[in-house]
Peer 1: 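Sharing a structure below in structure tokens format, with a few things to ask.
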Amino acid sequence: MNSKLFRISLTAALSGFLFGFDTVVISGANLPIKELWDTSPWFHGTFIMSMALWGTVVGSLFGGIPCDRFGRKKTLFWIGILYAVSAIGSGIATDPYMFSFFRFIGGLGVGASSVAAPIYISEISSPENRGKLGALYQFNLVLGILIAFISNYLLQGVGGDSDWRWMLGVEAIPALLYTIMVVSIPNSPRWLAITKGDDAGALKTLKLLYNEEQAQSKLLEIKENISVTAVKEKLFSGKYNKPLLLAFLIAFFNQLSGINFILYYAPEILERAGLAAQESLFSSIAIGIVNLIFTFVGVWLIDKLGRRQLIKIGSYGYIISLSMVGWCFYSGANSTLLLTFVLIFIASHAVGQGAVIWVFISEIFPNKVRAYGQSWGTGTHWVFAALITLITPIFLDADNGIFKDNPWPIFIFFALMMVLQLLFVIFMMPETKGVSLEELSKKLSGEKKAS
């Protein structure tokens, strides 16, 4: 892997850092905002905690449009702007509605990011390193989560009752730095060749990444995959039912593991387990550290063991850890034991779904419909993330929640969902390791080689 390819991929993947930071920074502001504006569980779940996720749903479902029309690079640039505007606006919000609006804006950036960055990285990389480079997005995502947890902890007490404003507003700094950096990356060669018909531009980009012979070979492979009739095919024509189902299921199970439930509500969950507020924020940092360490493991293994094997390993870890977290709550076990199983859950996610989902979805759709296919998969992911985050206060709220006395059934439900994920992996999920994007499109969509 040459250094230029790595640098360009890393720059695009930095949108994942902002993704992770933006989605989890709200965990530190959750309880202070709830007290400040005295919101009901339903209002809090809908407008404070999940509004960014509804923005993410919109951003992911429609993110394929600017990706195809303006290119992956320009889309990534404007994503950085959205993050910066959201951070500043959320930090200065004077009421819950203004706050919700700016969180929605940040959600648009997160959703579009989960479409544009994985596509861009998959389209400039080769089959041999596509897994590692694609997983850079997830690595930056969990790094953003860790930094958000640390930032929340360090900023506690800085502004008194306005701590949460600093927690949210500080994101503007990395957002603006990222926006400047993304100007220097080239356009996707596959986008240039297929969507714009700019073979010369595509070859110019390929020569930045590979030697002359490799660049010419890759351009021929890309062109060979373009339909001779040049008809723009529709994603839901029936031809792509298999990748559509695979993308839906991997995204569905990603959220039905409970990962966002635990990340977004980590301090509250740990307080319910018996930790003091300060201890719960500090323990949230432990969650971020474990997430980062085991994402390293996932990135290292993804091109060795493959996507399917990592999801299988993660599924076993999910089932065991979630069942034990449920048991710890049910039996009133020591909070340290419960935190241990929460950390095992995080490790299982980082090695499995965390390392695989964005890589896998960006691989399984053909060049012609990849942007819209990525929108379908990420849109599914974020719809379920938003729904779970929206209804969580209804179940978890200490005063009025359905499981206000003990939230153990929530974790048992997620564990049962992971049994279903394991069956999906064993019987349905294909392996995509080491196969070119063009070969994968033929394998999963029944495409014929162009004559």
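All residue numbers in this chain count up from 1 along the given sequence.
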Peer 1: Assert yes or no for the condition that the ring centre distance of F248 to F253 is strictly below 6.0 Å.
Peer 2: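 Centroid separation for F248 and F253: 6.0 Å or greater.
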Peer 1: Looking at every heavy atom in both G377 and A251, which two are closest together, and how far apart are they?
Peer 2: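 Residues G377 and A251, closest heavy atoms: O-CB, 3.3 Å.
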Peer 1: For F261 and F414, take the angle between the two ring planes, folded into 0 to 90°, and tell me which bin it lands in: parallel under 30, tilted 30 to 60, perpendicular over 60.
Peer 2: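 Correct class here is tilted.
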Peer 1: Hey, do the aromatic rings of F17 and Y178 have their centres closer than 6.0 Å?
Peer 2: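 That pair fails the under 6.0 Å test.
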Peer 1: Can you confirm whether the side chains of T295 and Q138 place a donor and an acceptor under 3.5 Å from each other?
Peer 2: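 Side chains of T295 and Q138: no pair found under 3.5 Å.
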Peer 1: Once you round to the nearest 0.5 Å, how far does CG of D22 lie from CZ of F19?
Peer 2: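 D22 atom CG to F19 atom CZ measures 9.5 Å (nearest 0.5 Å).
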Peer 1: Would you mind telling me which of L206, L208, L5 makes a side chain to side chain contact (heavy atoms under 4.5 Å, CB included) with I124?
Peer 2: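 Among L206, L208, L5, the one meeting side chain to side chain contact (heavy atoms under 4.5 Å, CB included) with I124 is L5.
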Peer 1: Donor-acceptor check, side chain of S40 to backbone of F43, threshold 3.5 angstrom: yes or no?
Peer 2: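 It does hold such a pair.
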Peer 1: Rounded to the nearest 0.5 Å, what separates atom NZ in K73 from atom CG in L192?
Peer 2: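 One finds 10.0 Å between NZ of K73 and CG of L192.
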Peer 1: Take R307 and T432 through the side-chain hydrogen bond (donor to acceptor under 3.5 Å, both in side chains) test and state the conclusion after the steps.
Peer 2: CA-CA 7 Å; R307 290 59 157 153; T432 58; 3.2 Å; yes
Peer 1: Report the C-alpha distance between R190 and R370 in whole Å, list the side-chain angles of each, state the deciding distance to 0.1 Å, and finish with yes or no for side chain to side chain contact (heavy atoms under 4.5 Å, CB included).
Peer 2: CA-CA 10 Å; R190 284 179 169 87; R370 181 168 298 117; 4.1 Å; yes
Peer 1: On a heavy-atom basis, which atom in A386 and which in V57 lie closest, and how many Å separate them?
Peer 2: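 That would be CB-CG2, 4.3 Å.
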Peer 1: Quick one: pull up CD1 in I145 and CD1 in I259 and give me the separation to the nearest 0.5 Å.
Peer 2: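 Result: 7.0 Å between the selected atoms.
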Peer 1: Is it the case that more than 12 heavy atoms not belonging to F424 sit under 6.0 Å from its CZ atom?
Peer 2: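 Enclosed.
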Peer 1: Rounded at 0.5 Å granularity, tell me how far CG in L420 sits from CZ in F252.
Peer 2: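 Reported value, rounded in 0.5 Å steps: 7.5 Å.
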Peer 1: Stepwise, does the side chain to side chain contact (heavy atoms under 4.5 Å, CB included) test hold for I313 with L305?
Peer 2: CA-CA 10 Å; I313 291 168; L305 297 183; 4.1 Å; yes
Peer 1: Give the C-alpha distance, both sets of side-chain angles, the deciding distance and a yes or no for side chain to side chain contact (heavy atoms under 4.5 Å, CB included) between N254 and W358.
Peer 2: CA-CA 11 Å; N254 181 285; W358 308 115; over 6 Å; no
Peer 1: Going by the rule salt bridge (Lys or Arg N to Asp or Glu O under 4.0 Å), which residues pair with R72 if we only count those two or more places apart in sequence or in a different chain?
Peer 2: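 D68, E123.
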Peer 1: To the closest 0.5 Å, what do you measure between CG (L256) and CE (M418)?
Peer 2: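 Separation between the atoms: 6.0 Å.
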Peer 1: Measure across Y240 and P366 and return the closest heavy-atom pair with its distance rounded to 0.1 Å.
Peer 2: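 Answer, listing the atom of Y240 first, then P366: CE2-CG, 3.5 Å.
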Peer 1: Among F296, F294, W300, find the one that has a ring pair (Phe, Tyr, Trp, His ring centres under 6.0 Å) with F139.
Peer 2: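 For F139, the ring pair (Phe, Tyr, Trp, His ring centres under 6.0 Å) check succeeds only for F296.
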Peer 1: Take L18 and F21 through the side chain to side chain contact (heavy atoms under 4.5 Å, CB included) test and state the conclusion after the steps.
Peer 2: CA-CA 5 Å; L18 296 168; F21 193 101; 5.5 Å; no
Peer 1: Do the side chains of V182 and W78 get nearer than 4.5 Å, heavy atoms only?
Peer 2: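 The answer is no; the side chains never approach within 4.5 Å.
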Peer 1: Which atom names give the shortest non-hydrogen contact between A116 and I79, and what distance separates them?
Peer 2: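 For A116 versus I79, the nearest heavy atoms are CB-CD1, 4.3 Å.
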Peer 1: Inspect the surroundings of CH2 in W37 and state if more than 12 heavy atoms from other residues, nucleotides or ligands are less than 6.0 Å away.
Peer 2: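 Yes - once you tally the heavy atoms of other residues, nucleotides and ligands closer than 6.0 Å, there are more than 12.
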Peer 1: Going by distance alone, is a donor N or O of one side chain under 3.5 Å from an acceptor N or O of the other, for Q374 and S362?
Peer 2: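 There is no such pair (donor and acceptor under 3.5 Å, judged by atom type) between the side chains of Q374 and S362.
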Peer 1: For I250, run the side chain to side chain contact (heavy atoms under 4.5 Å, CB included) check against Q353, Q421, H381 and tell me which one passes.
Peer 2: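 The residue from Q353, Q421, H381 that satisfies side chain to side chain contact (heavy atoms under 4.5 Å, CB included) with I250 turns out to be Q353.
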Peer 1: Mind checking whether T205 and S188 have side chains closer than 4.5 Å, heavy atoms only?
Peer 2: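 Not in contact.
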Peer 1: Using the ring of each side chain (for Trp, its six-membered ring), is Y318 parallel, tilted or perpendicular to F345, with breaks at 30° and 60°?
Peer 2: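 Geometry flag for F345 against Y318: tilted rings.
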Peer 1: Give, for atom OG of S9 and atom CZ of R7, the distance between the pair rounded to the nearest 0.5 Å.
Peer 2: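 S9 OG to R7 CZ: 10.0 Å, rounded to 0.5 Å.
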Peer 1: Any cation-pi pair here, K218 with Y210, using under 6.0 Å and within 45°?
Peer 2: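 Pair K218/Y210 counts as cation-pi.
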Peer 1: Can you give me the closest heavy-atom contact between A12 and A117, atom names plus distance?
Peer 2: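 For A12 and A117, the tightest heavy-atom pair comes out as O-CB, 3.8 Å.
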Peer 1: Kindly check if the number of other-residue, nucleotide or ligand heavy atoms within 6.0 Å of CG (L36) is above 12?
Peer 2: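 Check passes, neighbour count above 12.
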Peer 1: Would a line drawn from the ring center of W376 to the ring center of F236 be shorter than 6.0 Å?
Peer 2: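 Yes, the ring of W376 comes within the 6.0 Å limit of the ring of F236, centre to centre.
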Peer 1: Evaluate the criterion ring-ring contact (aromatic ring centres under 6.0 Å, His included) for residue pair Y330 and W408; output intermediate values, then yes/no.
Peer 2: CA-CA 6 Å; Y330 178 78; W408 69 267; 5.0 Å; yes
Peer 1: Could you work out, with side chain to side chain donor-acceptor pair (under 3.5 Å) as the rule, every residue matching W382, not counting sequence neighbours?
Peer 2: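 Only S114 meet the side chain to side chain donor-acceptor pair (under 3.5 Å) criterion with W382.
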Peer 1: If we count only N and O atoms by modelled type, under 3.5 Å, do the side chains of S90 and R103 hold a donor and an acceptor together?
Peer 2: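 The answer is no; no qualifying pair exists.
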Peer 1: Among all residues two or more places apart in sequence or in another chain, which pass the side chain to side chain donor-acceptor pair (under 3.5 Å) test with S15?
Peer 2: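 Once residues adjacent in sequence are excluded, the partners of S15 under the side chain to side chain donor-acceptor pair (under 3.5 Å) criterion are S113.
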